[in-house]
Amino acid sequence: MAINRDATDTAGVARGYFEAVGRRDLDAMTAFYEPGGTGEIHGLVELEAPHSYRAWFGNLFQAFPDFKLEIAEIVSAGEKAAVRWRATGTFDGTARFEGLDPNGARVEVQGCDVLTIRNGLIQRNDAYMNGTEMARQLGALPPADSLPERMMTGALNLKTRLARALRERRR
């Protein structure tokens with residue numbers, strides 16, 4: 001696949017990169033980055049191209065062997081491109097993901113990445129998604145509005161009230 005290196009085509013570079021992610025093509029994905037370029041999936045991981053980037057996504061693809069990513073929308077201006085996407089996969093692969101053993105959970109997440117692209121290469125990628133919802137889908141957190149979630153919330157509120165009472169007592 002030819003990689004679009006036209007520095008004026010920010011949207012084309014962003015599209016090419018996300019199409020490579022959708023194909024799970026680590027070589028093509030890392031080729032879109034300036035060596036040493038950085039990415040952060042906020043609240044989850046910070047990466048540097050090519051090494052930690054390649055390792056993290058390689059692990060993701062092993063953990064979710066049917067991983068699929070679809071581009072919903074791309075908006076670009078100057079050296080910035082915002083990409084809304086949707087990803088799905090089944091956590092039944094051969095690798096752990098963020099400390100969890102594969103459990104067969106089906107995951108569907110949406111997110112938005114903001115890319116900084118200079119001279120046809122990604123310099124920075126700031127990715128945003130709902131990590132709480134992903135953790136629920138993976139079974140790491142209880143379902144929303146469920147009894148276990150209400151019990152966790154109650155326990156946290158009790159801890160907060162006890163800590164407040166202890167602080168007031170010390171005064």
Side-chain angles (χ1 to χ4, degrees), residues 1-93 95-100 105-141 143-145 149:
M1 176 192 151
I3 295 175
N4 184 342
R5 295 283 187 224
D6 180 354
T8 63
D9 188 14
T10 303
V13 172
R15 178 172 303 284
Y17 166 71
F18 276 90
E19 287 173 350
V21 175
R23 292 189 314 274
R24 301 183 302 268
D25 185 341
L26 292 170
D27 291 333
M29 290 165 61
T30 56
F32 277 98
Y33 271 87
E34 174 73 29
T38 58
E40 182 174 0
I41 303 173
H42 290 269
L44 187 61
V45 66
E46 293 183 35
L47 304 169
E48 183 176 322
H51 302 296
S52 65
Y53 183 89
R54 185 180 195 84
W56 192 86
F57 274 93
N59 183 79
L60 173 73
F61 299 152
Q62 287 180 340
F64 295 85
D66 64 344
F67 176 87
K68 182 179 178 185
L69 182 132
E70 299 170 343
I71 298 168
E73 179 179 21
I74 298 176
V75 177
S76 68
E79 64 181 24
K80 298 286 187 180
V83 181
R84 271 191 330 107
W85 51 264
R86 177 181 171 265
T88 59
T90 308
F91 186 31
D92 62 356
R96 298 177 90 196
F97 179 71
E98 296 300 312
L100 299 174
R106 183 84 179 136
V107 175
E108 180 179 322
V109 295
Q110 297 179 51
C112 184
D113 288 25
V114 179
L115 307 172
T116 302
I117 299 167
R118 293 187 191 112
N119 301 316
L121 294 171
I122 300 170
Q123 307 291 308
R124 174 84 183 155
N125 182 357
D126 287 288
Y128 304 90
M129 56 173 266
N130 186 335
T132 300
E133 182 57 32
M134 185 174 76
R136 284 186 173 126
Q137 291 177 28
L138 289 170
L141 288 176
D145 300 320
E149 183 187 56

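The figures here come from the full heavy-atom set of this structure, side chains too, leaving out hydrogens, waters and symmetry mates.
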Val45: partners by side-chain contact (heavy atoms from CB on, under 4.5 Å), with sequence neighbours left out: Ile41, Leu47, Trp56
Heavy-atom closest contact (Ala49 atom, Glu34 atom, distance): CB-O, 4.1 Å
Side-chain donor or acceptor of Thr10 paired with backbone N/O of Gly78 under 3.5 Å: yes
Residues in side-chain contact (heavy atoms from CB on, under 4.5 Å) contact with Ala55, at least two apart in sequence or another chain: none
Residues that Phe64 engages under ring pair (Phe, Tyr, Trp, His ring centres under 6.0 Å), provided they are two or more places apart: Phe91, Phe97
Phe32/Leu121 under side chain to side chain contact (heavy atoms under 4.5 Å, CB included): CA gap, chis, key distance, verdict: CA-CA 5 Å; Phe32 277 98; Leu121 294 171; 5.8 Å; no
Qualifying residues under side-chain contact (heavy atoms from CB on, under 4.5 Å), relative to Ala135, sequence neighbours excluded: Ala140, Leu141
Pairing residues for Thr116 by the side chain to side chain donor-acceptor pair (under 3.5 Å) criterion, not counting sequence neighbours: Lys80
Partner residues of Phe67 under the ring pair (Phe, Tyr, Trp, His ring centres under 6.0 Å) criterion, sequence neighbours left out: Phe61
Residues forming a salt bridge (charged side-chain N to carboxylate O under 4.0 Å, His left out) with Asp25, sequence neighbours excluded: Arg23
Backbone of Ala95 reached by a side-chain donor or acceptor of Asn59 within 3.5 Å: no
Sub-4.5 Å side-chain heavy-atom contact between Glu73 and Val83: no
Minimum heavy-atom distance Gln62-Pro65, with the two atoms named: O-CD, 3.8 Å
Stepwise side chain to side chain contact (heavy atoms under 4.5 Å, CB included) test for Thr38 and Asn125: CA-CA 6 Å; Thr38 58; Asn125 182 357; over 6 Å; no
Ring pair (Phe, Tyr, Trp, His ring centres under 6.0 Å) involving His42 - partner list, sequence neighbours excluded: Tyr128
Check against side chain to side chain contact (heavy atoms under 4.5 Å, CB included), Glu133 and Gln110: CA-CA 10 Å; Glu133 182 57 32; Gln110 297 179 51; over 6 Å; no
Separation between CE of Met29 and CD1 of Ile122, rounded to the nearest 0.5 Å: 9.0 Å
Heavy-atom pair of closest approach, residues Asp113 and Ala127: OD1-CB, 3.2 Å
Residue among Phe57, Tyr33, Trp85 satisfying ring-ring contact (aromatic ring centres under 6.0 Å, His included) with Tyr17: Tyr33
Partners meeting side chain to side chain donor-acceptor pair (under 3.5 Å) with Arg86 (sequence neighbours left out): Glu70, Glu108
Atom pair CZ (Arg84) and CD1 (Ile74), whose distance is rounded to the nearest 0.5 Å: 11.0 Å
Summary of salt bridge (Lys or Arg N to Asp or Glu O under 4.0 Å) pairs that have at least one residue in residues 42-66, sequence neighbours excluded: Asp27-Arg54, Asp66-Arg106
Partners passing side-chain contact (heavy atoms from CB on, under 4.5 Å) against Ala144 (at least two apart in sequence or in another chain): Arg136, Glu149
Candidate pair Phe18 and Leu115, rule side chain to side chain contact (heavy atoms under 4.5 Å, CB included), full reasoning: CA-CA 11 Å; Phe18 276 90; Leu115 307 172; 4.0 Å; yes
Sequence-distant partners of Gln123, side chain to side chain donor-acceptor pair (under 3.5 Å), two or more places apart: none
